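Counting starts at 1 for both ligands and their atoms, following the listed order. No hydrogens, no waters, no symmetry mates; every other heavy atom, side chains included, goes into these values. Just so you know, these numbers come straight off a predicted model, no measurement behind them. By convention here, the first residue in the shown sequence is residue 1.
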Amino acid sequence: MDLQGQNGLDNTFRESWRNRGVVAWVVAGTLISFYTLLYFGGDLGLNDVPALNFDVWAQAIGLPSRWHLYGLLYTVGVVGGGVYYLRKHGNSRYNKYRIAVNVAVQVLLAFTLPLVMALFGQGSYYFSYLWPLAWYDFHPGHLASIPAAVAVWTLGGALVLAPLMAYRYGKRWYCSWVCGCGGLANTFGDPWRHLTATSTKSWKFEKVAVHTVMFIAIGSTFALFLDAFAGDRLPAFHRIVDGGQWWSVKRLYGYVVGSILAGVIGTGLYPLLGPRVWCRNFCPMAALLGLQQKLGRFQITVKPDMCISCGNCTTYCEMGIDVRSYAQSNESFTRSACVGCGMCAHVCPRGVLRLENLTRKRNQGDKARQGLPVVNL
Ligand code: SF4
Ligand code: SF4
């Protein structure tokens, strides 16, 4: 079926694997089991069983470790999902470029480069992940241990480039173009984008959860700094922050945020709750960029009195934003959750919506001409 030039929109809710049918539950169970084994296989004593030990699998195909095997599978997911996405929604330049960049970043920066570094005996470095997503990158000991140019990128990318880009282009430059988590959601997760909850309850949960994780990430970074500069003077504090016990801040953050929220739940629940569970509810980077986006130039512009209330935009918004309600009330908007994927504009049969990076002056002028309220500026 070809609707508005886009294959497959019409069968979104008819295919049971895309609509919480048996296959969707099996895929979710498989993903959750995979992530549990990947992150907790050692803690659960399962690494002694060769068939359940991903390091054994990795070495069998010549890869250094389970993390490189995971990188390979992740890359296959992004490439395969990218082909799927482009077959369905590739009839727009924005989507073509966006998905091409997602795939290129994953193949080159997130898989090939770290693998080559490992093969040459170097520590792997992931240039496409910035603090606070790569939370431990700001540890003074870590910064001192990496090459100076990489340390400059780590600090400059997170503290200068990311905020400036978010101000100018919104968080889409990162969440929909560069980030590996967003890349997987955009591609492998696309078949389930319509499952994202749009209720007020889910929005309230999102606001509390994502900002809580953001504050924990920032607070933990300060604790790391304090610990590093205190040296041996605060041994009890060091034990709490980075002492190596399972309950230390560093280990707990890794378990809860890095492994459970980002992996087991964040990706495992794609087929049941949509592909942005992690980005929407728990990612500290998304929360920080969202606040910067609210202060910046990005907005979704609504053409007045054009909306026919079909609801495509709300259905296909992967962040659960009720775009239709804005369109119906002729209200252009900036939402901190919006990742600028462009799907709302893409699936709108009336061309009502436009993603724009407006200068403040032009924005006000456009609004005045249209007689529309200026929202969130
Ligand atoms: S509002 Fe539109 S651009 Fe923003 S996340 Fe939703 S679908 Fe994507
Ligand atoms: S903005 Fe477009 S896609 Fe959304 S409800 Fe209106 S006509 Fe439909």
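- A donor-acceptor contact closer than 3.5 angstrom is absent between the side chains of Arg93 and Tyr97.
- Each of the atoms 1 (S), 2 (Fe), 3 (S), 4 (Fe) of ligand 1 lies under 4.0 Å from some heavy atom of Ile300.
- Asp137 and Tyr126 share no donor-acceptor pair across their side chains, judged by distance under 3.5 Å alone.
- Looking only at atom types and distance, the side chain of Thr196 has no donor-acceptor partner in the side chain of Glu318 under 3.5 Å away.
- If you count the protein N, O or S atoms nearer to atom 8 (Fe) of ligand 2 than 2.8 Å, you get 1.
- For the 3.5 Å distance criterion, the side chains of Arg172 and Asn357 qualify, holding a donor opposite an acceptor.
- Taking distances strictly below 2.8 Å, the protein N/O/S atoms close to atom 8 (Fe) of ligand 1 are Cys341 SG.
- With ring centers used as reference points, Trp67 lies under 6.0 Å from Tyr39.
- Side-chain N/O atoms of Tyr174 and Tyr169 include no donor and acceptor closer than 3.5 Å.
- Taking the ring centroids of Phe138 and Phe225, they lie at or beyond the 6.0 Å cut-off.
- Taking the six-membered ring for Trp and thresholds of 30 and 60 degrees, Trp177 and Tyr94 have ring planes more than 60 degrees apart, a perpendicular arrangement.
- Taking the six-membered ring where tryptophan is involved, the planes of Trp17 and Tyr84 are perpendicular, since the angle between them exceeds 60° and thus also 30°.
- In this structure, a donor-acceptor pair under 3.5 Å is present between the side chains of Asp322 and Thr314.
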